Amino acid sequence: MTDKMPEFTPRLSAVSRDRYKIKFLEDGYPGKEIGNETHCHPIYGVYVIRDYLFQYRKTKEMKYQDAAIKVANAAIHRMETFRNALVFWYKKDSPFNSTSKEYYSGLTQSYYAEIFAQVYKLTNISIYKDAAKKVYASLKIPVSLGGVFHNSSKGPSIQEYPMSPNGYVLNGWLSTISAIKNYADILQDAEAENFWTDNLLTLSKLLPLYDAPYFSNSRYTLNGMTTVKLFSPSTQFELQRVNLIVPDEDSYELKIDSKRRYANFIEGSSVLQKNGKILTRKNTALLKVLLSRFSYPKENELSIKLFSPHTAKIQIFIAQPQYFPTKIIEPQKSASYHFIKEVSLQKGLNDIKVKLPWEPLDAIGIPTTFKQFGSKWHNVYHFIHIDKLNYFYEMTNKKQLLDYSTKWKKYTDSWINNPLYDGLEKSPYQGG
């Protein structure tokens with residue numbers, strides 16, 4: 001076992017007790033206790049180093065600096081070199097990875113770039129400056145090369161975790177920009193200064209898309225899953241190619257899969273695979289689509305190439321996602337389907353283009369949800385959005401940032417009279 005580490009501040013102690021369940025691993029890295037096992041959570045090192053540095057600055061007691069260094073060393077040793085950068089992977093078999101592949105997070109990486117820079121500033125030990133620079137370099141690796149940098153049609157952005165189309169997770173993006181700013185300030189890095197300001201400009205362009213007045217809320221992300229149902233009353237047809245097109249973003253091909261999150265695919269259980277062909281089961285096929293509000297008001301579009309054995313009709317429906325404040329529920333078989341259109345099929349090959357209307361998709365671009373801390377439920381992300389927009393407004397004087405932070409604060413004032421949020425806390429989590 002690692003030597004006994006100093007106590008956390010009351011706030012981190014409360015958060016650990018109520019949610020994080022922090023327990024130190026053999027090398028001094030803080031993991032999360034799940035059942036009888038402690039698992040490495042890539043971002044936990046940041047929280048603990050940050051806490052110990054705060055206590056050292058306040059008390060000047062060396063035990064806190066020593067503990068921060070120990071955790072920093074453990075974090076560096078757990079990172080791996082990737083394309084000349086240093087990354088902390090979310091391993092495929094990790095309980096903290098809900099995707100289907102190994103990845104690293106722009107949010108986690110930016111936090112480490114900042115915190116290693118802080119450790120360097122405190123200790124003047126070059127290993128931490130070098131680590132900060134190598135971690136920062138990971139933020140510039142394009143998504144196409146396995147990284148987190150996404151150069152959208154509206155400007156640069158950084159992915160919190162991989163999604164296609166890009167998720168533009170708002171709290172993660174705001175926090176990443178803030179961390180890069182602090183990193184740039186500490187190391188006097190002019191390139192990083194330009195990088196965070198360019199990202200903030202992109203975010204500002206997209207900010208209206210995060211407004212969710214129907215839910216008196218802001219959106220966690222611009223993405224969201226739903227289901228499109230293809231049904232022919234009279235014939236079985238063959239799907240040859242299906243693509244989701246997000247205008248001004250990209251096109252994403254759907255392959256057969258099942259039970260995936262944050263991905264586009266043809267639901268395997270809804271089709272038959274025979275002699276290399278994809279045939280409908282009971283004249284029906286289900287398409288799981290990860291739609292993006294990035295193109296709003298332009299509609300996302302499906303491009304479907306199919307073969308019909310004779311002339312027929314095909315009906316197209318979309319499941320209407322529902323928002324639940326304490327959890328996200330993807331459309332199930334019992335979901336309410338919204339009729340989009342009926343298309344005539346000719347015998348042979350058919351190329352169909354279907355625009356997906358925004359009308360039933362208010363919950364796409366998922367509004368922020370509430371997390372459980374002990375016995376209470378708090379909305380963490382909506383308040384992060386408000387606080388970070390205020391922070392950047394004070395720095396840049398961009399009125400749009402103030403307008404949305406003010407508007408979203410008014411939403412929270414209305415929650416007390418909103419049945420949607422009955423039984424949930426109306427104020428930020430404070431610990432304790």
Side-chain angles (χ1 to χ4, degrees), residues 99 103 105-107 139 142-144 147-177 198-215 217-228 242-254 260-265 287-303 318-321 323 328 330 340 353-369 381-382 385 388-389 400-401 404 408:
T99 73
Y103 73 93
S105 163
L107 177 63
L139 302 175
V143 170
S144 61
V148 295
F149 174 68
H150 177 65
N151 198 17
S152 80
S153 61
K154 297 181 182 178
S157 69
I158 302 168
Q159 282 195 339
E160 182 171 346
Y161 42 84
M163 289 190 281
S164 295
N166 187 48
Y168 302 97
V169 176
L170 184 56
N171 79 284
W173 196 7
L174 284 165
S175 297
T176 295
I177 294 170
D198 289 346
N199 265 268
L200 185 62
L201 179 60
T202 309
L203 186 149
S204 298
K205 294 176 185 176
L206 298 178
L207 201 52
L209 303 180
Y210 292 99
D211 191 30
Y214 181 80
F215 304 101
N217 206 330
S218 56
R219 299 185 190 276
Y220 175 77
T221 176
L222 295 184
N223 275 357
M225 291 292 297
T226 191
T227 303
V228 172
V242 182
N243 285 77
L244 173 72
I245 299 167
V246 179
D248 304 320
E249 190 76 320
D250 210 340
S251 175
Y252 310 90
E253 186 175 0
L254 280 68
R260 292 185 63 191
R261 299 180 67 190
Y262 314 126
N264 291 287
F265 60 96
L287 310 178
K288 301 290 187 177
V289 287
L290 180 61
L291 304 182
S292 174
R293 195 168 283 270
F294 179 88
S295 65
Y296 186 90
K298 295 179 183 176
E299 297 159 319
N300 289 199
E301 187 174 39
L302 282 174
S303 175
I318 190 166
Q320 183 168 357
Y323 167 70
I328 299 168
E330 295 176 6
I340 299 177
K353 294 287 180 68
V354 184
K355 290 187 175 182
L356 306 178
W358 288 113
E359 180 187 349
L361 302 176
D362 282 323
I364 292 291
I366 303 162
T368 62
T369 55
Y381 300 125
H382 185 70
H385 296 168
K388 289 295 184 183
L389 290 181
Q400 186 185 38
L401 304 178
Y404 278 97
W408 293 348

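The structure presented is a predicted model; accordingly, all values stated were derived computationally and were not measured.
- For the atom pair NZ (Lys353) and CG (Leu302), the distance works out to 11.0 Å, reported to the nearest 0.5 Å.
- Pro297 is linked by a side chain to side chain contact (heavy atoms under 4.5 Å, CB included) to nothing, counting only residues two or more places apart in sequence or in another chain.
- Smallest separation of non-hydrogen atoms from Val246 and Pro165: CG2-CG, 4.0 Å.
- The shortest heavy-atom contact between Pro321 and Leu361 is CD-CD2, 3.8 Å.
- Every residue two or more places apart in sequence or in another chain that forms a side chain to side chain donor-acceptor pair (under 3.5 Å) with Gln159 is listed here: Asn166.
- Tyr381 pairs by the side chain to side chain contact (heavy atoms under 4.5 Å, CB included) definition with Asn171, Tyr220, Thr368, Lys371, Asn379, Ile384, His385, not counting sequence neighbours.
- Side-chain atoms of Arg293 do not come within 3.5 Å of backbone N or O of Ile366 as any donor-acceptor pair.
- Each salt bridge (charged side-chain N to carboxylate O under 4.0 Å, His left out) pair with one or both residues in residues 154-167, not counting sequence neighbours, would appear here, but there are none.
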Candidate pair Leu401 and Leu207, rule side chain to side chain contact (heavy atoms under 4.5 Å, CB included), full reasoning: CA-CA 8 Å; Leu401 304 178; Leu207 201 52; 4.0 Å; yes
Side chain to side chain contact (heavy atoms under 4.5 Å, CB included) between Asp211 and Trp408, worked out: CA-CA 8 Å; Asp211 191 30; Trp408 293 348; 3.0 Å; yes
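- Counting all heavy atoms, side chain and backbone alike, Trp173 lies closest to Ile158 at NE1-N, 3.9 Å.
- Glu253 meets the side chain to side chain donor-acceptor pair (under 3.5 Å) test with Arg241, Lys255; sequence neighbours excluded.
- The side chain to side chain contact (heavy atoms under 4.5 Å, CB included) test applied to Phe215 returns Ala212, Asn217, Tyr323, Asp362, Ala363, Pro367, Leu420, Tyr421, not counting sequence neighbours.
- In this structure, Leu200 CG and Ile177 CD1 are separated by 5.0 Å, a value rounded to the nearest 0.5 Å.
- Scored by the salt bridge (Lys or Arg N to Asp or Glu O under 4.0 Å) test, Asp198 finds no partners at all (sequence neighbours excluded).
- The backbone N or O of Asn243 sits nowhere less than 3.5 Å from a side-chain atom of Ser303 that would complete a donor-acceptor pair.
- The OG1 atom of Thr221 sits 6.5 Å away from atom OH of Tyr210, with the distance rounded to the nearest 0.5 Å.
- Two residues are said to be in side-chain contact when any heavy atoms from C-beta on lie closer than 4.5 Å; Phe294 and Ser153 meet this criterion.
- The backbone N or O of His382 lies less than 3.5 Å from no partner atom in the side chain of Ser218, so there is not a single donor-acceptor pair.
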Side chain to side chain contact (heavy atoms under 4.5 Å, CB included) evaluation trace for Glu249 with Lys298: CA-CA 11 Å; Glu249 190 76 320; Lys298 295 179 183 176; over 6 Å; no
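- Atom CG in Leu209 sits 10.5 Å away from atom CG in Leu170 (nearest 0.5 Å).
- For Asn300, the side chain to side chain donor-acceptor pair (under 3.5 Å) partners two or more places apart in sequence, or in a different chain, are Ser295.
- Listed by chain and residue number, nothing satisfies the salt bridge (Lys or Arg N to Asp or Glu O under 4.0 Å) test with Glu359 (two or more places apart in sequence, or in another chain).
- Evaluation of the ring pair (Phe, Tyr, Trp, His ring centres under 6.0 Å) rule for Tyr161 yields Tyr262 as partners, not counting sequence neighbours.
- Taking the salt bridge (Lys or Arg N to Asp or Glu O under 4.0 Å) definition, one finds that Lys355 meets it with nothing, sequence neighbours left out.
- How far CG of Leu389 is from CG of Leu203: 7.5 Å, rounded to the nearest 0.5 Å.
- Of all heavy-atom pairs spanning Ile364 and Leu291, the tightest one is CG2-CB, 4.0 Å.
- Residues satisfying the side chain to side chain contact (heavy atoms under 4.5 Å, CB included) test with Asn151, not counting sequence neighbours, are Phe149, Pro156.
- Minimum heavy-atom separation, Leu206 to Tyr168: CD1-CD2, 3.9 Å.
- Side chain of Thr202 to backbone of Ser157: no donor-acceptor contact under 3.5 angstrom is found.
- Taking every heavy atom of both residues into account, Ser164 and Leu290 meet most closely at O-CD2, 3.7 Å.
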